[in-house]
Amino acid sequence: MFTVLIRIFRSGWRSFYRDREIALATIFVLFLTVILAGSFFLFKDISQILVADLQEKIDVSVYFREETLEEDILGVGKELSELPEIKNIEYVSKEQALLNFIQRHERDTALLDSIDELGKNPFLAALNVRTWNPDQYAKVSKFLEGPGFDSFVEKIDYYQRKPAIDTMRSLNSGVTKISISIAVLLIIIAIAVSLNTIGLSIYNSRKEIEIQKLVGASSWFIRGPFLVQGMICGILATLISILTLSFICWFLSPRIESFFLSISLFTLFVENFWMLVLIQFTTGISLGAVSSLVAIKKYLKD
Amino acid sequence: MIKFQDITKIYSSNASKSEPTIALDKVSFDISPKEFVSLVGKSGAGKTTLLKLLLMQEKPTSGDILFEGKNLSDIRSEELPWLRRKIGVVFQDYKLLAVKTAYENIAYTMEVIGARDEEIKRDVPKVLDIVGLSERAGNLPAELSGGERQRVAIARALVHRPDIILADEPTGNLDPYHTMEIIELLLKIQLMGPTVVLATHNKDVINRLNKRVVTLEKGKIIRDEKEGRFIL
């Protein structure tokens, strides 16, 4: 068994070496597929970072009635924080709200004067609530509208913010849908092209396969070297793809960073390096191997 | 060793109006171990079809073929390699693996049957010596002459010590000098043990052999002689 495996590997390597031109074409096609898979993985991360960045900027504020005691508000906060949807809650007291307002409008003297004229602090204490994803705001606001809270809660600004939240939500699912569609389409094209390329190279070997069958080679003894050849092409395609991708990330990183501060392409690449290697190796090797298996199938019939 | 019993092979045409071709019509004969049998006949007489049936490249329309007591129609496709490893084949067009050297072409047959590396290293040079190609071991088929290629093919058919060697028009592409060289080689091999079945339409070859000749015409056996001559 071990001898047979060694022979299959040796024969696969020899055929790879002797059919260099065909192998080169196969490597190129597999390289395109593998780099697409890798780039898609990075793109998915980038789009997630961008969307998460925007999501961070959205929250819903729950304002409490003037007379509500701080401990009651904190009690509501505690109850809220037990909901699985809640990412974080920030308590802003009346005084803090006033302070924030003054800080924000310190140059607008007219506005600050009008606050002074009121003679009292017009702001309400609030809880700023953030959920894990935009879909969950509706549920949280429903929860606060329920019995037990209406005596404390003055208003929830969910409905004013709803359009922004909805846009966010559709952007989020839109990005996901588009990326999945593009990925599926590209992967189908890539598989079709590599099947074709490897199929052509096996078509060139059809006479050899016929001879191998006639001298009594078993199907696996014939199939094996082609499988090995496909896998070698996959491995080389992956190595080239990793090198190309690291160069592209290193080169583009400072240029992208000048647009989007939160994205460092190269850091993202380095952080996900092993995952990328895994994805690309899996794509490259399995595509090479599966294409060979599918392409050789029809020549192995008696 | 081999029994053909009432073998009929009909090739039906895909074109609806053309008649089906009868390649073999109720052919029956036996081949004994260590025999040298020549199948002769014009092109289309059914010689190659008989060999293809024995190699199970084709299936008979009716009748049975027994090989070492086993009915070929009982052999499942997974068992085909087992049958083919018992047979060495030499073709008119050599059918050598183009990307392998002469040595590797011969060694491949041994690898297929699972021979150990030491056995391959011991036996391949021996058969290369028998066919007189020790010097050309490292050459690819494209770098060899027609006669040399056919000798590689014979060495390949021989190296795993098959029970039978089928030679289908092995001299069809060769000049008279190389033709006799190949036939002498086949005779020498037969003395080493295996049965040899030679299909040919070369009159000179048959008349010099003085061995059993089975003559086919239009798919039927018209003559089967112990020390036959080429009569058509």
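Below, chain A is the first sequence line, B the second, and so on; all start at residue 1.
Both the backbone and the side chain of V215(A) come within contact range of chain B, each with at least one heavy atom under 4.5 Å from a heavy atom of that chain. Heavy atoms of I120(B) lying under 4.5 Å from chain A belong exclusively to its side chain. Proximity to chain B is absent for every atom of S15(A), based on heavy atoms less than 4.5 angstrom apart. With a 4.5 angstrom heavy-atom cutoff, K86(B) does not touch chain A via any of its atoms. In this structure, chain B has heavy atoms under 4.5 Å from both the backbone and the side chain of Q212(A). Contacts between A153(B) and chain A at a heavy-atom distance below 4.5 Å are absent for every atom of the residue. Heavy atoms of R116(B) lying under 4.5 Å from chain A belong exclusively to its backbone. Heavy atoms closer than 4.5 Å to chain A are found in the side chain of E104(B), but not in its backbone. Contact annotation for A98(B): both backbone and side-chain heavy atoms come within less than 4.5 Å of a heavy atom of chain A.
Side-chain contact between L214(A) and Q57(B): present, with at least one pair of heavy atoms (C-beta onward) separated by less than 4.5 Å. No side-chain heavy atom of E78(B) sits less than 4.5 Å from a side-chain heavy atom of S219(A). Side chains of K213(A) and R84(B) form a contact here, defined as non-hydrogen atoms less than 4.5 Å apart. Counting heavy atoms from C-beta on, the side chains of R10(A) and E111(B) come closer than 4.5 Å.
The candidate with the highest count of non-hydrogen atom pairs below 4.5 Å against chain B, out of E210(A), R14(A), K207(A), is R14(A). Across V99(B), L83(B), I87(B), L55(B), the residue that shares the most heavy-atom pairs under 4.5 angstrom with chain A is V99(B). Between chain A and the options F91(B), Y108(B), W82(B), the largest number of non-hydrogen pairs under 4.5 Å is found for Y108(B).
Residue F9(A) places its CZ atom among 12 or fewer non-hydrogen atoms of other residues, nucleotides or ligands, all under 6.0 Å distant. Around atom OH of Y17(A), no more than 12 heavy atoms belonging to other residues, nucleotides or ligands sit under 6.0 Å away. Under a cut-off of 6.0 angstrom, the local environment of CZ in F273(A) is crowded, with over 12 non-hydrogen atoms contributed by other residues, nucleotides or ligands. Residue H178(B) places its NE2 atom among more than 12 non-hydrogen atoms of other residues, nucleotides or ligands, all under 6.0 Å distant.
Shortest non-hydrogen contact noted between P81(B) and S218(A) is CG-CA, 3.9 Å.
Tested against I211(A) for a side chain to side chain contact (heavy atoms under 4.5 Å, CB included), the candidates L97(B), L96(B), V89(B), N105(B) yield a single pass: L97(B).
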